[in-house]
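One structure below.
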Amino acid sequence: AQKITQTQPGMFVQEKEAVTLDCTYDTSDPSYGLFWYKQPSSGEMIFLIYQGSYDQQNATEGRYSLNFQKARKSANLVISASQLGDSAMYFCAMREGWGKSTFGDGTTLTVKP
Amino acid sequence: DSGVTQTPKHLITATGQRVTLRCSPRSGDLSVYWYQQSLDQGLQFLIQYYNGEERAKGNILERFSAQQFPDLHSELNLSSLELGDSALYFCASSVREGQETQYFGPGTRLLVL
């Protein structure tokens with residue numbers, strides 16, 4: 001079974017609008033971390049936001065927020081006020097235990113002017 | 001710039017050959033992680049080291065090996081290369097292990113001909 005599922009291969013959003021990228025995960029470990037990364041066409045992986053499984057509040061980092069719904073095992077990324085530079089591939093990832101990380105297949109976001 | 005450096009940036013080699021990829025973590029980071037990103041397999045976790053010791057293993061082939069040296073830099077050795085080993089290899093580092101944020105290097109793009 002997929003541990004990380006990103007159901008949207010591609011998404012479009014109008015500049016200045018908000019967009020939600022979906023991510024669901026599967027684990028039986030009570031302690032885990034959830035991450036979102038951005039990969040522009042240049043190839044580098046840029047850390048965006050982190051949510052720990054025991055965190056009570058949803059994580060926020062500037063225009064990025066993580067909508068963490070533990071019971072539903074979802075960790076959606078919300079990007080507010082989209083910019084053209086947000087066009088990239090976005091990966092959801094989960095770390096269980098000490099090190100093993102699992103990444104989703106990614107969502108390609110295109111911001112339209 | 002994440003502070004993680006990887007060399008070389010690009011590598012072209014032939015099947016059957018052996019190559020070494022090098023990674024220097026961010027200053028102060030003790031954990032190093034290696035990932036492989038290919039079109040057909042997506043982003044796969046290979047192996048993690050913490051302060052010189054192997055801590056977690058993912059989908060790493062027996063032809064591949066890695067180590068972390070006393071100065072905390074790490075090397076990933078790929079031998080008996082096959083066409084399918086062509087991929088982008090990322091190194092990431094974090095301060096400790098556990099659900100820590102990982103910062104990725106720019107990657108080494110390997111092409112096996």
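The chains referred to below are lettered A, B, ... by the order of the sequence lines, with proteins before strands, and numbering in each begins at 1.
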Practice task
Would you confirm whether the ring centroid of B:Tyr35 sits within less than 6.0 angstrom of the ring centroid of A:Phe103?
Solution key: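 Yes; B:Tyr35 has its ring centre under 6.0 Å from that of A:Phe103.
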Less than 4.5 Å apart, side chain to side chain, heavy atoms only: is that true for [X] and [Y]?
X: A:Phe35; Y: B:Thr101; value: yes
X: A:Arg95; Y: B:Tyr33; value: yes
X: A:Phe91; Y: B:Gln37; value: yes

In terms of hydrophobic clustering (I, L, V, M, F, W, Y; side-chain heavy atoms under 4.5 Å; direct or indirect links), are [X] and [Y] co-clustered?
X: B:Leu21; Y: B:Val4; value: no
X: B:Leu43; Y: A:Tyr37; value: yes
X: A:Ile49; Y: A:Ile46; value: no
X: B:Leu81; Y: B:Leu61; value: yes
X: A:Phe12; Y: A:Val111; value: no

Handout entry: Over 12 non-hydrogen atoms of neighbours within 6.0 angstrom of CG in B:Leu39
Key =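 No - once you tally the heavy atoms of other residues, nucleotides and ligands closer than 6.0 Å, there are 12 at most.
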Handout entry: Over 12 foreign heavy atoms within 6.0 Å of NZ, A:Lys112
Key =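 No, because the 6.0 Å sphere around NZ of A:Lys112 holds 12 heavy atoms or fewer from other groups.
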Handout entry: For B:Phe90 against A:Met45, the heavy-atom pair lying closest together
Key =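 It is CZ-CG, 3.6 Å.
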Handout entry: Residue selection (most heavy-atom pairs with chain B, distance under 4.5 Å) from A:Glu44, A:Gln39, A:Met94
Key =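 The candidate making the most pairs under 4.5 Å is A:Gln39.
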Handout entry: Contact residues of residues 103-113 of chain B (partner chain A; heavy-atom separation under 4.5 angstrom)
Key =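 If one takes a 4.5 Å heavy-atom cut-off, the residues of residues 103-113 of chain B near chain A are B:Tyr103, B:Phe104.
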